[in-house]
*Asks:* 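Below you will find the structure I want to go over with you.
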Amino acid sequence: MEKNQTVDMLSGLSCPVPITDYKTVLLAHGGGGRLTHQLIEKMFLSQFDNPLLAPLHDGAVFTLGNTTLALSTDGYVVNPLFFPGGDIGELAVNGTVNDLAMCGANPKYLSVGFILEEGLPMEDLWRVVQSMKSAAQRAGVELATGDTKVVDKGKGDRMFVTTTGIGVIPPGRTINPRNARPGDNIIVNGPIAVHGIAIMSVREGLEFETAIASDTAPLNGLVDAMFGAGELHVLRDPTRGGVASALNEIAGSAGVGIFITEEAIPLTDDVRGACEILGLDPLYVANEGKLLAFVPPDSTSAVLDAMHRHPLGRDAVVIGSVVQDHPRVVVMKTGIGGTRVVDMLSGEQLPRIC
């Protein structure tokens, strides 16, 4: 047998290309799961790694003179543009405000970029602009600058929005995913998986006894109340990839183990039923008005009390804690009394969710 024939035969028997070496970008690369992290590490961190980027926080934290600032940027490609409880414009403002708040910052200014597809109804654009205006007023931020581009019909999907925000971090606030410590209690401010199911109910035409509306909301006011009550180590809004991905990211950054209890995780009956119908795990479904807080034991009671007095924290509960065991791994006690590892998915169960 000739050498070339041998090579051809062996190549035909070779394993499939590993998930880290895909030749093209997949939808799953934008899902917030394992493929997203691999894309960031191999494509972006390898070229742009620096002390500001390395923590992979919700934003970059840096000091200019005597002022500590947070800077965050995000793109929004949600489909559909309008959904129960919000739209792409409100989502874009709230999302960037929340990313800044998760750094401990008071959001101040936003920059907005619009990519519009030829043929987009002006009425739809006006609705989005008005929604962004209202969301910015609620969050106490100003739109300071922006940009608009139009692409040929068929070259976009009606509208994409990118927002960048800057905020000021008050003295004494040091929030970083690497700050999680054994003994910290993990708090979520209310029922999870609401936003993702609200989007999917529209896509699939699902009807429930009560409408499931997105939980999109600006969390900076709630965060201020929490800081006023006690010490906080880590804040994270579990958007793409849901609670499970956010907890895995924090466990990996801090090198700690995380233990959560399934029965403690708040979930509405409608969302639970929708997840069962669609075959989705609510731990991996996106949220847009929820946060995870890692709080030391001696501050937990006071922080919870402050959250319960705020409209966006009335249903706040402790869902688990940071442990020394199984470092970098998230483990959950199930409803039937067993335990399972809560790993990070390769992609996301619901694409185009934010």
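Source: prediction; values computed, not measured. Heavy-atom basis, side chains included; hydrogens, waters and symmetry copies ignored.
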*Asks:* Are the charged groups of Asp49 and Lys42 less than 4.0 angstrom apart, N to O?
*Replies:* no
*Asks:* Going through the distances and angles, do Thr73 and Thr164 end up as a side-chain hydrogen bond (donor to acceptor under 3.5 Å, both in side chains)?
*Replies:* CA-CA 4 Å; Thr73 191; Thr164 297; 2.7 Å; yes
*Asks:* Taking the side chain as C-beta and beyond, is there a heavy-atom pair between Ile197 and Leu280 under 4.5 Å?
*Replies:* yes
*Asks:* Applying side-chain hydrogen bond (donor to acceptor under 3.5 Å, both in side chains), run through Thr216 and Asn94 and close with a yes or a no.
*Replies:* CA-CA 7 Å; Thr216 179; Asn94 289 342; 2.9 Å; yes
*Asks:* Side chains of Val128 and Leu81: closer than 4.5 Å at any heavy-atom pair?
*Replies:*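 Val128 does not reach Leu81 side chain to side chain.
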*Asks:* Strictly below 4.0 Å, N to O, side chains only: are Arg272 and Asp270 in salt-bridge contact?
*Replies:* no
*Asks:* Would you say CG of Asp305 has more than 12 non-hydrogen atoms from neighbouring residues, nucleotides or ligands within 6.0 angstrom?
*Replies:*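 Enclosed.
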*Asks:* Please check if the side chain of Ser72 supplies one atom and the backbone of Asp99 the other of a donor-acceptor pair under 3.5 Å.
*Replies:* no
*Asks:* For a 4.5 angstrom cut-off between non-hydrogen side-chain atoms, does Val202 reach Pro84?
*Replies:* yes
*Asks:* Taking side chain to side chain donor-acceptor pair (under 3.5 Å) as the criterion, tell me which of Asp215, Asn98, Asn189 meets it with Lys290.
*Replies:* Asp215
*Asks:* Could you give the distance from CZ (Arg236) to CG (Leu247), rounded to the nearest 0.5 Å?
*Replies:*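 It comes to 9.5 Å.
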*Asks:* Can you establish whether the number of heavy atoms outside Phe62 located under 6.0 Å from its atom CZ is more than 12?
*Replies:* yes
*Asks:* Please tell me if the side chains of Val318 and Thr300 come closer than 4.5 Å, counting only heavy atoms from C-beta onward.
*Replies:* yes
*Asks:* Could you tell me whether Glu117 and Lys155 make a salt bridge, using a distance below 4.0 angstrom between a side-chain N and a carboxylate O?
*Replies:*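 No salt bridge links Glu117 with Lys155.
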*Asks:* Would the distance check show the side chain of Asn185 and the main-chain N or O of Ser321 forming a donor-acceptor pair, the cut-off being under 3.5 Å?
*Replies:*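 Pair absent, no side-chain N/O of Asn185 close to backbone of Ser321.
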*Asks:* Could you pull out all residues at least two apart from Phe83 that satisfy ring pair (Phe, Tyr, Trp, His ring centres under 6.0 Å)?
*Replies:*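 With sequence neighbours excluded, Phe83 shows a ring pair (Phe, Tyr, Trp, His ring centres under 6.0 Å) to His195, given in chain and number order.
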*Asks:* Hey, is the main chain of Ala264 close enough, under 3.5 Å, to the side chain of Thr261 for a donor-acceptor pair?
*Replies:* no
*Asks:* Donor-acceptor check, side chain of Asp184 to backbone of Ala180, threshold 3.5 angstrom: yes or no?
*Replies:*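 Looks like no, no N/O pair under 3.5 Å.
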*Asks:* Kindly say whether Glu90 contributes a backbone atom to a donor-acceptor pair with the side chain of Asp87 at under 3.5 angstrom?
*Replies:* yes
*Asks:* Quick one: is the NZ or CZ of Arg173 closer than 6.0 Å to the six-membered ring centre of Phe227, and within 45° of its axis?
*Replies:*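 Yes - Arg173 lies over the ring of Phe227, closer than 6.0 Å to its centre and within 45° of its axis.
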*Asks:* Any side-chain to backbone donor/acceptor pair from Arg352 onto Val77? Under 3.5 Å, distance only.
*Replies:* yes
*Asks:* Any donor-acceptor pair under 3.5 Å linking the side chain of Asp74 with the backbone of Thr162?
*Replies:* no
*Asks:* Report yes if some heavy atom in the side chain of Glu118 is under 4.5 Å from a heavy atom in the side chain of Val151; otherwise report no.
*Replies:*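 With C-beta onward as the side chain, the pair stays apart.
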*Asks:* Any sub-3.5 Å donor-acceptor pair from His308's side-chain atoms to Ala316's backbone N or O?
*Replies:* yes
*Asks:* Do other residues, nucleotides or ligands put more than 12 heavy atoms under 6.0 Å from the CD atom of Gln130?
*Replies:* yes
*Asks:* Is any side-chain N of the basic residue among Arg328 and Glu249 closer than 4.0 Å to the acidic one's carboxylate O?
*Replies:*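 Salt bridge absent between Arg328 and Glu249.
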*Asks:* Can you tell me if Arg240 uses its side chain to pair, donor with acceptor, with the backbone of Ser245 under 3.5 Å?
*Replies:* no
*Asks:* Keeping the roles fixed (side chain from Thr96, backbone from Val93), state whether a donor-acceptor pair exists under 3.5 Å.
*Replies:*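 Flag not set: sc Thr96 to bb Val93 has no pair under 3.5 Å.
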